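What follows is a single structure, written as structure tokens, with notes after it.
Model, not experiment: these values are computed from the prediction. Throughout, residue positions are numbered sequentially from 1 according to the sequence presented.
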Amino acid sequence: MSSVVPYEDDHVHIMEVFQSIGTKFDFLIGSFNPRQMNAFTIYKPLGFYNLCVAVPKTHSLAKKKRLEITDLYHERLLCVSDGDCLNIDDFRKDVQTLYPQIILEDAGYFYDLDTFNRCEEQGCLLLTLDVWDHIHPFLITLPVSWHYQMPYGLLYQKNPSKQVKACLKDIEKYYKDR
């Protein structure tokens, strides 16, 4: 039997959720920070999301269809904290080296509703994913003229059940046949 299971997705409970993979959940799908989860899960990449920037609807950049990196100069850009996610760490290093005019601000290792609210309330920008385009009613997600991406995929327990292994084979076949 398959079902969608709700869970607490905030800074306080998120590690409990990841540690429940294999007991309460068979899989989580999304874009994850694998370093903290390597002890108890396996990450199976399935594809990539484009990194974008979310801006409050009241921000002057909200009128644009696409941003240039220079549009981010002298703006506060919230993003995942350094040290947990290789893709974001590489992005941060590039910005700090090549574009020091952009003010990077740590948002913690996981985004939750408070992160999106903070962006809207404080009028700052947020490094986000194209798939989260409508995640907050007062933020607009805009593509940026860069080629940064973030993998998405499945998290599952290190010693999966037979059913999970069978499902993984079906998923691999689906992506192979595409």
Side-chain angles (χ1 to χ4, degrees), residues 4 6-15 17-18 27-38 43-155 175 178:
V4 175
Y7 60 88
E8 294 283 333
D9 187 13
D10 60 27
H11 288 277
V12 175
H13 297 98
I14 196 65
M15 287 310 291
V17 170
F18 295 133
F27 296 104
L28 285 177
I29 187 166
S31 190
F32 299 103
N33 298 319
R35 285 186 190 158
Q36 288 192 19
M37 297 167 239
N38 283 342
Y43 182 67
K44 170 83 173 150
L46 298 175
F48 292 90
Y49 295 132
N50 293 313
L51 288 182
C52 295
V53 171
V55 302
K57 285 185 174 183
T58 57
H59 196 284
S60 61
L61 293 176
K63 297 178 180 111
K64 294 191 163 233
K65 296 283 184 210
R66 182 177 195 80
L67 298 176
E68 299 299 324
I69 193 120
T70 55
D71 291 324
L72 307 179
Y73 286 7
H74 311 292
E75 296 285 350
R76 285 176 41 222
L77 178 64
L78 300 180
C79 64
V80 172
S81 298
D82 190 31
D84 190 58
C85 179
L86 184 59
N87 295 72
I88 300 301
D89 289 351
D90 289 345
F91 169 84
R92 290 175 65 98
K93 285 176 194 162
D94 285 354
V95 168
Q96 290 165 339
T97 303
L98 303 171
Y99 310 104
Q101 306 90 333
I102 300 170
I103 304 160
L104 291 180
E105 192 170 311
D106 289 345
Y109 291 119
F110 303 101
Y111 289 178
D112 63 7
L113 189 55
D114 290 338
T115 308
F116 295 95
N117 285 337
R118 175 180 166 197
C119 177
E120 194 276 326
E121 291 163 3
Q122 295 180 3
C124 51
L125 311 182
L126 179 68
L127 186 68
T128 189
L129 303 172
D130 53 0
V131 71
W132 293 344
D133 186 25
H134 298 289
I135 199 159
H136 192 286
F138 297 108
L139 298 177
I140 296 172
T141 300
L142 298 170
V144 183
S145 294
W146 61 31
H147 300 287
Y148 293 101
Q149 295 184 316
M150 185 75 180
Y152 73 90
L154 295 173
L155 280 180
Y175 277 89
R178 285 181 64 180

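- Here the rule is side-chain contact (heavy atoms from CB on, under 4.5 Å) with Tyr111, and of Val80, Ile135, Leu78 only Val80 fits it.
- Note that CD of Gln101 and OG1 of Thr70 are 9.5 Å apart. Values are rounded to the nearest 0.5 Å.
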Q) Should Ile29 and Leu46 be marked as a side-chain contact (heavy atoms from CB on, under 4.5 Å) after you check the CA-CA gap, both sets of side-chain angles, and the distance that decides it? A) CA-CA 9 Å; Ile29 187 166; Leu46 298 175; 4.1 Å; yes

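- Considering CG of Leu139 and CD of Glu120, their distance stands at 6.5 Å, rounded to 0.5 Å.
- Under a 3.5 Å cut-off, the side chain of Asp89 and the backbone N or O of Gly83 do form a donor-acceptor pair.
- For Lys57 (side chain) and Pro137 (main-chain N/O), a donor-acceptor pair under 3.5 Å exists by modelled atom type.
- Taking each heavy atom of Val55 and His59 in turn, the nearest pair found is CB-CB, 4.3 Å.
- In this pair, Tyr73 and Tyr99 present their aromatic rings tilted. The plane angle is within the 30 to 60° band.
- When all heavy atoms are compared, the tightest approach of Ser81 to Arg92 is CA-NH1, 4.1 Å.
- The side-chain hydrogen bond (donor to acceptor under 3.5 Å, both in side chains) test applied to Glu105 returns Arg76, Arg118, not counting sequence neighbours.
- Of all non-hydrogen atoms in Ala54 and Thr128, the two that sit nearest each other are N-CG2, 3.6 Å.
- Every residue meeting the side-chain hydrogen bond (donor to acceptor under 3.5 Å, both in side chains) condition with Asn50, not counting sequence neighbours, appears here in chain and number order: Asp130, Gln149.
- Here the closest non-hydrogen pair linking Leu129 and Leu51 is CD2-CD2, 3.6 Å.
- The shortest non-hydrogen separation linking Leu142 to Ala62 is CD1-CA, 4.5 Å.
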Q: Check the pair Val95, Leu72 against side-chain contact (heavy atoms from CB on, under 4.5 Å), reporting the backbone distance first and the verdict last.
A: CA-CA 10 Å; Val95 168; Leu72 307 179; over 6 Å; no

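- Every residue was checked against the side-chain hydrogen bond (donor to acceptor under 3.5 Å, both in side chains) condition with Tyr152, not counting sequence neighbours, and none meets it.
- At distances below 3.5 Å, not a single donor-acceptor pair connects side-chain atoms of Asn87 with backbone N or O atoms of Asp90.
- No donor-acceptor pair under 3.5 Å is formed between the side chain of Trp132 and the backbone N or O of Cys52.
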